[in-house]
Amino acid sequence: MRIATWNVNSIKAHLEQVSQWVKAEKPDVLCLQEIKCEDQAFPAPVFEELGYNCAVHGQKTYNGVAILSRFSIENVVRGLDGDANDDHARFLAATIPDGKKAVRVACLYLPNGNPAPGPKFDYKLGWMERLRVWALKEMQNEEPMVLAGDFNVIPSAIDAKNPKAWEKDALFLPETRAAFDRLQYIGLTDAFRSLHPGAPGHYSFWDYQAGAWPKNNGIRIDHLLLSPQAADFLQSARIHRDQRGNEKPSDHVPVEITLA
DNA sequence: ATGACATATGAGATATGA
């Protein structure tokens, strides 16, 4: 099963690029973040035409996540438990059976958290702990599980071209990285990093500003974290950096893994 | 230092992003 994640920075604004990529790459599952539209405005027919089922947890203007799948989408969960006041559409989970195995897939758009310190940073850290609690509970099933999405976390210095520039940023602060570590300590594996240990220069986001892309001034913040049962199937991980060079691109590119 | 750039809303300027 090939599973990809992509923060598309508005599905309406980048529908042509996303649909072209799906047509070319044909992932089995694609997790989308920042669709920035409500459920009924999601262009599901475009993807259904390409052979996909769609589950959408949308929101007007901000956030919004969706899962596309060539297989059926079952046991859908919309939103993350643990905070009744949280009305951001940032979390969507579903079980995807491919005929041989079933993979629990969580599509997530973790809060940015800037400026830090402040209420937005507190929200980010709280959200990360809620995600840890959710994932820990799911781990008890001892089944393949993938947490895929825009984590808004730079795990280590090698995941940024200029780590110094991010030292006071919510994406790279010690508290953020510690929360990401705690999430991994329940037994999750960073798919890309596990296959490319110590390799610098692999990024999934480049800012639109200040010529970040031509300077390759990027960061790796889009991740797929695997339960042990999913990690056992891990064959490859790939960042589709070429997508950032398209005309009018998203500022993120797809990250894809193969489980076989 | 602030803004640079991009998107949505809504029709100008502001909020958000990372």
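Per chain, numbering begins at 1; letters A, B, ... match sequence-line order.
When the side chains of ILVMFWY residues are joined at heavy-atom separations under 4.5 Å, either directly or via intervening members, Phe180(A) and Leu147(A) end up in a single hydrophobic cluster.
For the pair Tyr62(A) OH and dA8(B) C1', the computed distance is 7 Å after rounding to whole Å. Distance Lys215(A) NZ to dC5(B) P: 12 Å, rounded to the nearest Å. Counting to the nearest Å, the P atom of dT16(B) and the CD atom of Glu34(A) are 13 Å from each other. Regarding Lys248(A), its NZ atom lies at a distance of 9 Å from the P atom of dA6(B), rounded to whole Å. Regarding Lys168(A), its NZ atom lies at a distance of 14 Å from the C1' atom of dA1(B), rounded to whole Å. We find that CG of Leu171(A) is positioned 5 Å from C1' of dA18(B), with the value rounded to whole Å. As rounded to whole Å, 10 Å separates atom P of dA18(B) from atom OH of Tyr208(A). The distance from atom CG of Asn114(A) to atom P of dG3(B) is 16 Å, rounded to the nearest whole Å.
Residue Tyr123(A) is tested with Asp86(A), Asp83(A), Asn112(A) for a side-chain hydrogen bond (donor to acceptor under 3.5 Å, both in side chains); the sole match is Asp86(A). Paired with Trp6(A) under the rule ring pair (Phe, Tyr, Trp, His ring centres under 6.0 Å), one option of Trp21(A), Phe205(A), Tyr109(A) passes, and it is Trp21(A). When each of Glu138(A), Gln229(A), Glu143(A) is paired with Arg104(A), the side-chain hydrogen bond (donor to acceptor under 3.5 Å, both in side chains) condition holds for Glu138(A) and for no other.
Between the P atoms of dT14(B) and dA18(B), the separation comes to 22 Å (whole Å). Straight-line distance between the P atoms of dG3(B) and dA8(B): roughly 23 Å, to the nearest whole Å. Spacing between dG10(B) and dT16(B) at atom P, rounded to whole Å, works out to 15 Å. Comparing the P positions of dA13(B) and dA4(B) gives a spacing of 15 Å, expressed to the nearest Å. The same atom, P, is picked in dT2(B) and in dA6(B); the two are 22 Å apart, to the nearest Å.
Where Asn7(A) and Lys12(A) meet DNA chain B, the nucleotide closest to each residue was compared, and Lys12(A) sits on the side nearer the 5' end. Annotation: of the two residues near DNA chain B, Ala210(A) and Lys36(A), the 5′-most nearest-nucleotide partner is Ala210(A).
Neither side chain, Asp150(A) nor Gln33(A), offers a donor N or O lying under 3.5 Å from an acceptor on the other. Side-chain contact of Asn9(A) with Glu34(A): a donor-acceptor pair under 3.5 Å is absent, judged by distance alone.
In the set dA8(B), dG17(B), dA18(B), the nucleotide with an atom closest to the side chain of Thr61(A) is dA8(B). Minimum atom distance to the side chain of Lys60(A) is reached by dT9(B), of the listed dT9(B), dA18(B), dT16(B). Here dT7(B) is the nucleotide among dA4(B), dT7(B), dA18(B) with the atom lying nearest to any side-chain atom of Ala13(A).
The shortest distance between the side-chain N/O atoms of Asn9(A) and the OP1/OP2 oxygens of dA6(B) is not below 4.0 Å. Look at Asn152(A) and you'll find a side-chain N or O under 4.0 angstrom from OP1 or OP2 of dA18(B). Distances shorter than 4.0 Å separate none of the side-chain N or O atoms of His14(A) from OP1 or OP2 on dA6(B). Taking only side-chain nitrogens and oxygens, Lys120(A) comes nearer than 4.0 Å to OP1 or OP2 of dG17(B).
Within 4.0 Å (heavy atoms only), Tyr109(A) reaches sugar-phosphate atoms of the nucleic acid but no base atom. Heavy atoms of Arg244(A) sit nowhere under 4.0 angstrom from any nucleic acid atom. Across all strands shown, Asp251(A) has no heavy atoms under 4.0 Å from either base or sugar-phosphate atoms. Nucleic acid contact class of His252(A) (heavy atoms, under 4.0 Å, all strands): sugar-phosphate only. As judged by a 4.0 angstrom heavy-atom cut-off over every strand, Lys124(A) is placed among residues making no nucleic acid contact. Using a 4.0 Å heavy-atom cutoff across all strands shown, Asp222(A) reaches no nucleic acid atom at all.
For dA18(B), its base never sits under 3.5 Å from the side chain of Asp169(A) at any donor and acceptor pair.
Note: Phe47(A) and Phe42(A) have parallel aromatic rings, judged against thresholds of 30 and 60 degrees for the angle between ring planes.
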